[in-house]
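Accompanying notes for the structure given below.
Keep in mind that what you see is a predicted model, and the values were worked out from it rather than measured.
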Amino acid sequence: MSERPLRITFVLPCYPRLPVGGFRVVYEHANRLAAKGHRVSLLHARGLPERGPVPRGVPLGRFRRFAADLRDLVSKPRVRWMKVDERVEMLYAPDASERHVPDGEIIVATAWQTAAPVAGYDWRKGVGHYLVQHVEHFLPHGEDPERIARRVEATWRLPLRITAVSRWIAEKIASSGVRADVAVVPPGIDASRFRPFRPLDARPETVAMMYSSAPFKGGQDGIAALRVARSRRPALRAVLFGTEAPPRGLDPWIEYRRSLSEKPLVTLYNDSRVFLCSSLAEGFALPPAEAMACGCAVVSTDCGGNLEYAEHGKTALLSPPRDPGALAANLTALLNDDRLRRALAEEGLRRIAAFDWETSAARLEKRFLDSIEPGA
């Protein structure tokens, strides 16, 4: 238990009906901070003006957004895809205005859309913090990328204490010339949940990959790499998983599993020899880390935040983004060489064990406590 219990509020940018990595990170922190005796609230703000227009070319995009907004107005949301500690207060508000925010010692923005509201709150809401989980220029806002970049970088200048989830993000903020006083607190992986239970040598020739149609995820690059690898390894089978409808035109040997809960996801990782990540940019990248913790050898792009745990030739095979051929070459190399695959998987297990949620939450807690010390 903490010697000084705090009243902490995290401000989140929407209601997460489906699994979202950034929300999972906040929920994991909230669970552990509540277990330490802190009073934690999670404020989910629905109607943020900065969520951007519906991207062009998305079928029925406007109708789906309207339907989701209407649903959230008439029914109380509930997070079903992850267990949130009952001591954590779940708040749902139509916007991020100050009247919905409880008074406390610490207030935390968790995305660029929530940073400006948090920075403008009265001092009674707490000392302002900003948990930066991505270089959000890359996200699919449906707007001009340069305009989004300017707006995102403007949030880095706000009078908030910034904590990044990876050194890559901290370096991007520093290289922008905005500020250099950024702390780094990587997420953790729960080894009691994400663990290997199937021997590395007993796994079928299966490759797992998380799929999303978001451009920065590079999903089509991953599928292209799988097809090239399959031409060289005819026994190869792939399993894609995600929260949206499967991509069109998948080959018969590529299976798609939608909205997996945690237990079948861990089983999929354990049934796979390799995990493939084709992202263009990631703040940390939870799925490859989870797969690594389950004994998968990882083939990935060098997408930034994954360098916290993915080291080429030691814990993973890495290649530049937007190069399906290089991804396919690395994937084929591991499928052709069980000794190399086993070595990467075993070293990956050792490396990822250093990322645990208790350590991560303790570091974030210290960041909060230090900010309210006299003179901070």
Would [X] and [Y] pass as an ion pair if we require N to O under 4.0 Å?
| X | Y | value |
| --- | --- | --- |
| R350 | E346 | no |
| E28 | R193 | yes |
| D271 | R198 | yes |
| R32 | D356 | no |

Exactly one of L226, L280, D323, T301 should register a side chain to side chain contact (heavy atoms under 4.5 Å, CB included) with D221. Which one does?
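Of the listed options, the one satisfying the test is L280.
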
Taking side chain to side chain contact (heavy atoms under 4.5 Å, CB included) as the criterion, tell me which of D370, V182, V127 meets it with R161.
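Exactly one pass, corresponding to V127.
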
Heavy-atom check, side chain of [X] versus side chain of [Y], under 4.5 Å:
| X | Y | value |
| --- | --- | --- |
| E244 | Y256 | yes |
| P324 | V228 | no |
| Q113 | C14 | no |
| Y269 | P287 | yes |
| N306 | L318 | yes |
| Y130 | W112 | yes |
| R203 | P196 | yes |
| R342 | D201 | yes |

If I take atom [atom1] from residue [X] and atom [atom2] from residue [Y], how far apart are they, to the nearest 0.5 angstrom?
| X | Y | atom1 | atom2 | value |
| --- | --- | --- | --- | --- |
| L349 | L200 | CG | CG | 6.5 Å |
| L236 | L331 | CG | CG | 6.5 Å |
| S41 | H100 | OG | NE2 | 14.0 Å |
| I106 | S371 | CD1 | OG | 3.5 Å |
| F23 | R17 | CZ | CZ | 12.0 Å |
| S192 | W357 | OG | CH2 | 13.0 Å |

Test item: [X] side-chain N/O and [Y] main-chain N/O as donor-acceptor pair under 3.5 Å:
| X | Y | value |
| --- | --- | --- |
| T110 | L131 | no |
| R257 | L240 | no |
| D85 | R87 | yes |
| E365 | L33 | no |
| W81 | P16 | yes |
| N31 | K83 | yes |
| N270 | F197 | yes |

In sequence, state the C-alpha distance, the side-chain angles, and the governing distance for Y309 and T315, and then conclude on side-chain contact (heavy atoms from CB on, under 4.5 Å).
CA-CA 7 Å; Y309 54 84; T315 64; 5.7 Å; no

Provide the closest heavy-atom pair for [X] versus [Y] in the form atom of the first, atom of the second, distance.
| X | Y | result |
| --- | --- | --- |
| V266 | R195 | CG1-O, 4.3 Å |
| L268 | A208 | CG-CB, 4.2 Å |
| A225 | L327 | CB-CB, 3.7 Å |
| V184 | A170 | CG2-CB, 3.7 Å |
| S360 | P186 | OG-O, 2.7 Å |
| P187 | F355 | O-CD2, 3.7 Å |

Residue from R237, R341, R233 passing salt bridge (charged side-chain N to carboxylate O under 4.0 Å, His left out) with E205:
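For E205, the salt bridge (charged side-chain N to carboxylate O under 4.0 Å, His left out) test succeeds with only one of R237, R341, R233, which is R233.
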
Given K125, R39, R124, R7, the one that forms salt bridge (charged side-chain N to carboxylate O under 4.0 Å, His left out) with D103
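It is K125; the other options fail the test.
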
Stepwise ring-ring contact (aromatic ring centres under 6.0 Å, His included) check, H134 with F216:
CA-CA 12 Å; H134 209 304; F216 80 97; 5.4 Å; yes

Kindly indicate, with the supporting measurements, whether the criterion side-chain contact (heavy atoms from CB on, under 4.5 Å) is fulfilled by F194 and E262.
CA-CA 9 Å; F194 294 93; E262 187 174 284; 3.9 Å; yes

So R367 and T163, side chain to side chain donor-acceptor pair (under 3.5 Å) or not? Walk me through it.
CA-CA 8 Å; R367 181 90 168 133; T163 302; 3.0 Å; yes

Does [X] share a hydrophobic cluster with [Y], counting links as ILVMFWY side-chain heavy atoms below 4.5 Å and allowing steps through other members?
| X | Y | answer |
| --- | --- | --- |
| V40 | V101 | yes |
| L335 | V239 | no |
| M90 | I107 | yes |
| L340 | M292 | no |
| L12 | L43 | yes |

Run H129 and L364 through side-chain contact (heavy atoms from CB on, under 4.5 Å) and show every step you take.
CA-CA 11 Å; H129 286 257; L364 190 62; over 6 Å; no

Determine, using ring centers only, whether H29 and F10 are less than 6.0 Å apart.
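No, ring centres 6.0 Å or more apart.
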
Name the orientation class of the two ring planes belonging to H44 and Y92 (parallel below 30°, tilted from 30 to 60°, perpendicular beyond 60°).
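The rings of H44 and Y92 lie parallel, inter-plane angle below 30°.
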
Does I162 form a side-chain contact (heavy atoms from CB on, under 4.5 Å) with D181? I'd like the steps, not just the answer.
CA-CA 8 Å; I162 293 183; D181 58 332; over 6 Å; no

R322 atom CZ: more than 12 heavy-atom contacts under 6.0 Å:
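Counting neighbours around CZ of R322, 12 or fewer heavy atoms of other residues, nucleotides or ligands fall under 6.0 Å, so no.
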
